[in-house]
Amino acid sequence: MKISKDWNFDEIIDRSNTGSVKWEPDILQAKFGRGREHLLAMWVADMDFKCPTVVRTAMEKRLAHQIYGYTTLDPGYYQAVISWFQRKHGWKINQKSILTSPGIVPATNYVIQRFSNPGDKILLQSPVYYPFAAGIRANGRRICDNPLQIVDGCYRMDFQDLEKKAADPRVKVAILCSPHNPVGRVWSAAELEQFGRICIKHNVLIFADEIHCDLIMPGYKHTSFQTLSEEFAFHSIAANAASKTFNLAGLSQSNLIIPNQHIRDDFSIYYETLGIGPGGTGTLFGAIATQAAYNEAEPWLDDLLVYLHANYTYLKKRLEEEIPGIRVHALEGTYLVWVDFNGLGCSPEKVSHIIEEKAGLALDHGDWFGENGAGFERFNIACPRSVLEKALDSLVRAFN
């Protein structure tokens, strides 16, 4: 691996006593049970790497000002976002289309609340990021599942089922996870076009969660949904952020791209009913970090992707060779590897027990993402290689 000497992804950083959701013992115990507070954390989707130095420098400069009153977004923020997506994804975003949010999970809930009513249905594609289902239920809506299908070892959308489900007039919003978490698919333009045509045909608003769009493995290309056509852009809300890309999730800053003025105005009015300004909300340092990252941290990202792909290759080789029966799905995007344990002949409950009790690992169990995720596990490989080695050593011993 050719990695710049300006950053060190192999550095072990102690995250204890920092309030880390991923590592805090109380949270591990609450999520995994008593006696599990010291599991090796490879679950929550944030990285165990320092953010780019340019980000810290920008925040320190603002911190030194020592006045942190009410602020509005610097015009440079919008330009940084627009420039990044034009440069990286060929997506020309109009500044007027950008609203901000404290995160994509809150934004998902806002969209559900504004564009559907209690009792309506929200379409998702399981196995999928479990806060989506939690948000649907919490808001009194019903889940309409269009399950992904494994065809020739690869996850595919079931368009025949999608057509049937989207035709239900109670389905108001479809959540598109692109790239897909947890299965790691980077949807092709053809797949996205078919998805979009079906949803638009049945007047279903598309909410495209593209938070992992910059974390794409070699040989694959992310297609931003709104770049496919003006029609697709006008029937969708796209969500993105620098948070996953540059490890800034705790700074609570994301973007909603809404080209359709009617939808945007409607959503802005709803923001005001929540006590949020019509243009959205985020945080002072989240905006500063995002601007610095998009403007100056691209070389850091280039090297990060090299490191992540090497970690994936290492994990796949070891697990498939040393624990016969395991299958590691191809990682096209994200840093979250989807691993199938069903070939071992153990129940999903037994697999989870061995992983926690014998291997001492905290992973996202597959059934959290939907019933069709049972027997799978999600591995977060955004960690130093030595940590990954330790985790796999423990896993191999536990299953063998």
Side-chain angles (χ1 to χ4, degrees), residues 9-16 20-49 127 129-130 150 153 155 181-184 307-331 334-400:
F9 298 123
D10 288 321
E11 181 182 2
I12 303 293
I13 301 168
D14 183 5
R15 297 184 65 185
S16 59
S20 167
V21 170
K22 184 177 182 180
W23 288 96
E24 194 64 36
D26 288 350
I27 296 178
L28 286 167
Q29 181 171 277
K31 189 69 176 178
F32 295 95
R34 293 179 65 86
R36 303 288 204 270
E37 61 269 22
H38 299 299
L39 296 178
L40 180 62
M42 299 187 71
W43 64 306
V44 174
D46 69 13
M47 297 188 271
D48 292 322
F49 306 132
Y129 183 54
Y130 44 87
I150 299 178
Y155 278 93
N181 170 14
V183 309
Y307 195 91
L308 292 175
H309 187 256
N311 270 1
Y312 163 70
T313 302
Y314 173 77
L315 177 143
K316 180 176 175 64
K317 179 178 174 62
R318 284 206 60 186
L319 289 188
E320 292 187 341
E321 289 183 356
E322 298 181 39
I323 311 179
I326 277 184
R327 181 172 184 277
V328 179
H329 276 260
L331 183 66
T334 82
Y335 48 72
L336 307 165
V337 184
W338 191 235
V339 180
D340 186 355
F341 285 75
N342 286 293
L344 299 182
C346 300
S347 69
E349 294 77 17
K350 182 67 172 178
V351 168
S352 298
H353 175 78
I354 294 172
I355 286 170
E356 295 176 15
E357 185 68 23
K358 304 299 183 183
L361 302 182
L363 303 178
D364 288 90
H365 301 316
D367 58 358
W368 296 356
F369 301 89
E371 292 181 2
N372 55 345
F376 291 77
E377 299 285 335
R378 191 189 78 172
F379 286 72
N380 180 346
I381 60 166
C383 61
R385 173 62 65 83
S386 61
V387 174
L388 182 59
E389 289 175 353
K390 179 181 178 181
L392 298 185
D393 288 346
S394 295
L395 199 69
V396 170
R397 285 195 302 268
F399 278 95
N400 288 337

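Quick caveat, the model's predicted, so the values are computed rather than measured.
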Closest contact, heavy atoms only, [X] versus [Y]:
| X | Y | answer |
| --- | --- | --- |
| Leu28 | Leu39 | CD1-O, 3.9 Å |
| His329 | Val337 | O-CG1, 4.4 Å |
| Asn342 | Phe376 | ND2-CE1, 3.5 Å |
| Pro127 | Val183 | CG-CG1, 3.8 Å |
| Ser20 | Arg15 | OG-NH2, 3.4 Å |
| Leu363 | Trp43 | C-CB, 3.8 Å |

Test: Asp364 and Arg378 ion pair at under 4.0 Å: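 The answer is yes: the pair qualifies as a salt bridge.
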Heavy-atom side-chain proximity of Leu40 to Trp23 below 4.5 angstrom: yes
Student check: side-chain heavy atoms of Phe9 and Asn311 closer than 4.5 Å: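 Result no, sub-4.5 Å side-chain heavy-atom pair not found.
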Derivation and outcome, side-chain contact (heavy atoms from CB on, under 4.5 Å), residues Val328 and Tyr312: CA-CA 9 Å; Val328 179; Tyr312 163 70; 3.9 Å; yes
Go through the structure and list residues passing side chain to side chain donor-acceptor pair (under 3.5 Å) with [X], not counting sequence neighbours.
| X | result |
| --- | --- |
| Glu320 | Lys316 |
| Asn400 | none |
| Lys31 | none |

With sequence neighbours left out, write down each residue that passes salt bridge (Lys or Arg N to Asp or Glu O under 4.0 Å) with [X], or none if nothing qualifies.
| X | value |
| --- | --- |
| Glu371 | none |
| Glu356 | Arg36 |
| Glu322 | Arg318 |
| Glu37 | none |

How long is the span from the [atom1] atom in [X] to the [atom2] atom in [Y], to the nearest 0.5 Å?
| X | Y | atom1 | atom2 | answer |
| --- | --- | --- | --- | --- |
| Leu308 | Ile381 | CG | CD1 | 5.5 Å |
| Leu392 | Lys317 | CG | NZ | 13.0 Å |
| Cys383 | Glu389 | SG | CD | 10.0 Å |
| Leu361 | Lys390 | CG | NZ | 9.5 Å |
| Glu24 | Gln29 | CD | CD | 11.5 Å |

Contacts of Phe369 that satisfy ring-ring contact (aromatic ring centres under 6.0 Å, His included) - sequence neighbours left out: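 Testing Phe369 for ring-ring contact (aromatic ring centres under 6.0 Å, His included), a comparison that skips the adjacent residues, returns Tyr130, Trp338.
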Would you please name every residue forming a side-chain contact (heavy atoms from CB on, under 4.5 Å) with [X], sequence neighbours left out?
| X | result |
| --- | --- |
| Lys358 | Ile354, Ala398 |
| Thr313 | His309 |
| Pro384 | Ile12, Asp48, Phe49, Tyr307, Ser386, Val387 |
| Leu344 | Ile323, Ile326, Phe341, Cys346, Phe399 |

Aromatic plane relationship, Phe32 with Trp368 - under 30° parallel, 30 to 60° tilted, over 60° perpendicular: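 Because their plane-to-plane angle lies in the 30° to 60° range, the rings of Trp368 and Phe32 count as tilted.
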